[in-house]
Amino acid sequence: MPNDSVFRRLSDPPDGEVTIRFDGQPVAAREGDSVAAALLAAGFAALRTTPAGGNPRGPWCMMGVCFDCLVEIDGVPNMQACMTPVREGMEIRPMSGARSLGGGDG
Amino acid sequence: MHRTEFAIIGGGLVGMATAWGLVRQGRRVTVFDEGDIAFRAARGNFGLVWVQGKGVRLPDYARWTRLSASLWPGFARELEEETGVSLQLSKPGGLELFLDEGELDTHAADLKGLRDALGGDYPFERLDGTALRKLVPSAGPDVVGAIFGPEDLNCNPLYLLRALAQAVVGRGGRIVNGAAVRGIKPDSGGFILDNGGQWAAERVVLCAGLGNTTLAPMVGLEAPSWPDRGHLLITERLRPFLDHPTAHVRQTGDGTVQIGASHEDAGFDDATSAQVIGRIARQAARLFPVLENVRVVRSWAALRVMSPDGHPIYDESDIHPGAFVATCHSGVTLAAVHAMLLARLVAGDDPGIPYLESFSAERFRVPQAV
Amino acid sequence: MADHVPLIVIGAGPAGLAAADTALAHGLEVMLLDEQPGPGGQIYRNIGNGDDERRAVLGADYAQGETLLPVMERPGLDYRRGATVWEVTPDRQVFFTEQGKARAVSADKLILATGAMERPMPFPGWTLPGVMSCGAAQIMLKSSGLFPAEGAILAGSGPLLLLLATQMLAAGARIGAIVETTPARNFLAAAQRLPRALLAREYLRKGMGMMAALRRSGVPWYKDAGGLQALGTNRVEALRFKDGAKTRELPCGLLLLHQGVVPNAQIARSLRLDHDWDDMQRAWRPRADSWGETALPGIFVAGDGAGIVGAKASAIQGRLAALRAADAQPGEAAPLRRALARELAIRPFLDRLYRPADEFLQPADDTLVCRCEEVTAGEIRAAVRNGSLGPNQAKAFSRAGMGPCQGRLCGLTVSEVIAQARGVSPAQAGYYRIRPPIKPVTLGEMAALADESDEN
């Protein structure tokens, strides 16, 4: 569950609104946001739990180096949220431990 | 001058298993190991305790391997209890998958021949595509069949090495590392080792893998070997989907999938080759198409310690009794017999294995009948 | 089908952009590969796209990055955005993936301009959600105009910490606190390097101006802080630290950390290039000559990926490498070398001032050092006790470095911990052996390239 977001945007351009979904909930984002930035801005902190210990993690580096922001995007597991730009209608799910073989997480 | 009772040259799987076998007998042991970036076949290991296919050309090797596999669960239990390190041992039996009917036929014929040579005592089963896919639903459509080996096991080879090292140290064994042993001199019934310092040992066991080839002649032995480069790919962690280890693809206890089993003579070069990796990937994708969109996170190349015929070399020096050599490329599979039987031989006891002589390097001096 | 180009530049930050520019000016066609969605690297991230308000908030140094952009329009530049390089061979074959498709291209010359990443800052709780690097917050600001408006705490040491604070204030943020961990004794030690740093007095002036503005802002600013702990159950809720004799606990919903930047040298490592330990920067740098050429002919390193030098110096190094790659007249290099010397003058002072505090180089036993596989510093020390001489043995025993980040976040810490446990320098302890794939790549992508190369 997100807390009230600590993030604010400098200014909202007139267009470029994008709606994505995280764990079934709609999230308002902007064109050009990475998935990670959009989710952080919406107040989410944890995006997954770790395979090794089941511990909650969120983005650390935002530049593709740490691999802590892994989420399932449109059915593809272990995608780096910080390296994926948002797209209208994108379905994002948190990674719960190790991925499964196919698309989804179960 | 430092002193020790048993000097084990090489801290890989052969050395550490033998060292543990000795400290369990209350012996004083020092293991000599190199630096952090050494060839270390032990780190390139697939983790299979593999029986099937071993010894087709030397039935005694099949006997030795089966003996080790049968001792493995007890060996693992003892090691786990002593160290608290889980070896992730599983015993579902192993599979070698085939993409070519002809190769499957040849392999099955080889195993039938081995079974005959062993008087009928050699369990294996040929599975056609349908039977295989019942066991392994994720096997790809190109897989024509498999050989099932009920005695094949698998484990985590890195945790095995770690547990052995911990157990050796825990029982008062010493590990001296950072410098290779450059010279061994027989001296008044014992041996003087030079690793930059000087060590006197009553008995010495060469477990230095490829390094044995240079060290062996110093104590009147020979241990010919060549580096057989194998590549490994390791994937991201997956939820369990493959219970049975296969010869080329297996899922580890951590959920990662290990993919490998290439062979090349690339000299003493353990760098990875892009072409080889690509071919391994392609074969793996044919064997298990479900792995196509799974990510490879790491790759490895390591140099197997390959004797001229691929079978182990065990010898005690005639000229310098108390010097032993142990060379093999199956340090995981044979870890149990190394710890429990070879260690006794080295300590001067009779482990009761009459066919151990088959593994003497003498065999390389006898011209082979064609 | 494998392609061949005269020059491949990996990384479109200041070093890569400048290298491409100089190479093109000397008639060399360039393929420029970068994994981000646009040029600029991290320091000039999203340059050219922001509006006036964003540029004003980010400051003049950031805006200056625009002077590197004209290269994007030059004919002869083949720029691939979103291209993730996963293997580079010593004979200059580059394997990368773009839009899910793997490609192989070879080149006569190769410039690695892979830039920097933030040094890990391990301490209890650093892996909690809501704890990020200061660079991460800057990326959000540069790419999306997002800033932490309410009560974030900035903790650590280094110019980027203060720069981010300045930028956040310019945006209108209320900063919870700055908890600076720069050890007090660093100031005295750094002062000895001040005379040399005066050659870069403009830089010093800017820094002091920034600090003065921060002091005026009234943001609580704790100095020489230690004993950091991030507290919280499922996300960070507070930062506890020692402030002199007092222990403080400040609530926060976002904790931004910084402990300097270090070279992102995975590709150079995977090529088995020699790396030298820089004890001042507390990191390794790939060995190269004064043009940036490594022991592998035709392979160059330039910019922060070859040792932290900053954006301006990175650009100059990129140009020097490109001159050499283009076999240009050596005389052209002279003005560049003079400019480079001026830019490097500040470094000894900065490196000494912002040398990480011991607690982050030698975390406590129960602190995670490998985030991916959740391995603690204590487990690394145990590996040393059981015979591990270096990170590769420790990796085999503990799984540290085996996760998807491939040792990027744990490598330096593991080397430091092993070094101290053995009583040797990190140079003697060594670093992970890095092998391809440099970034995770699917089995299918690898297999597809095998099919192609076997056809050829």
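Every chain is numbered from 1 and lettered A, B, ... according to where its sequence line falls, protein lines coming before strand lines. These numbers come from a predicted model, not from an experiment.
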Next item on the list: Could you pull out the closest heavy-atom pair between C/F397 and B/Y159, with the gap in Å?
Entry: O-CE2, 4.3 Å
Note to self: On a heavy-atom basis, which atom in C/Q393 and which in B/D33 lie closest, and how many Å separate them?
What the structure shows: NE2-OD2, 3.7 Å
Next item on the list: Applying ring pair (Phe, Tyr, Trp, His ring centres under 6.0 Å), name anything that partners C/W277, two or more places apart in sequence or on another chain.
Entry: C/W284
Margin query: Counting heavy-atom pairs under 4.5 Å with chain C, which one of B/G178, B/G278, B/A281 comes out on top?
Written below: B/A281
Margin query: Rounded at 0.5 Å granularity, tell me how far CG in C/L389 sits from CG in B/N177.
Written below: 3.5 Å
Checklist line | Point-to-point distance, once rounded to the nearest 0.5 Å, from CZ of B/R298 to CZ of C/R433 | finding: 13.5 Å
Checklist line | Interatomic spacing from CE in C/M446 to CD1 in B/I259 - rounded to 0.5 Å | finding: 9.0 Å
Margin query: Between B/V296 and chain C, with a heavy-atom cut-off of 4.5 Å, which part of the residue counts as in contact: side chain, backbone, both or neither?
Written below: both
Check: What heavy-atom pair brings B/S299 and C/P437 nearest, and what distance separates the two atoms?
Finding: N-CD, 4.0 Å
Next item on the list: Step by step, work out the side-chain contact (heavy atoms from CB on, under 4.5 Å) result for C/T442 and B/R295.
Entry: CA-CA 4 Å; C/T442 69; B/R295 293 177 193 84; 4.0 Å; yes
Check: Side chain, backbone, both or neither: which part of B/L233 has a non-hydrogen atom closer than 4.5 Å to chain C?
Finding: side chain
Next item on the list: Look at C/Q406, C/E445, C/K395 and state which one has the largest set of heavy-atom pairs under 4.5 Å with chain B.
Entry: C/Q406
Check: What salt bridge (charged side-chain N to carboxylate O under 4.0 Å, His left out) pairs are there with at least one residue in residues 155-175 of chain B, not counting sequence neighbours?
Finding: B/E82-B/R171
Next item on the list: Tell me, for B/T235 versus chain C, whether the close heavy atoms (under 4.5 Å) come from the side chain, the backbone, both or neither.
Entry: neither
Next item on the list: Hey, could you give me the CD/CZ distance between B/Q166 and C/R385, rounded to the nearest 0.5 Å?
Entry: 9.5 Å
Check: Closest heavy-atom contact between B/A165 and C/N386?
Finding: CB-O, 3.8 Å
Checklist line | chain C contact via B/L291 - side chain, backbone, both or neither, heavy atoms under 4.5 Å | finding: both
Note to self: For B/R286, which atoms come within 4.5 Å of any heavy atom of chain C: side chain, backbone, both, or neither?
What the structure shows: neither
Notebook entry, point to check: So B/D254 and C/E373, side-chain contact (heavy atoms from CB on, under 4.5 Å) or not? Walk me through it.
Noted result: CA-CA 10 Å; B/D254 300 308; C/E373 296 292 320; 5.8 Å; no
Next item on the list: Nearest 0.5 Å please: distance from the CD1 atom of B/I277 over to the CH2 atom of C/W86.
Entry: 8.0 Å
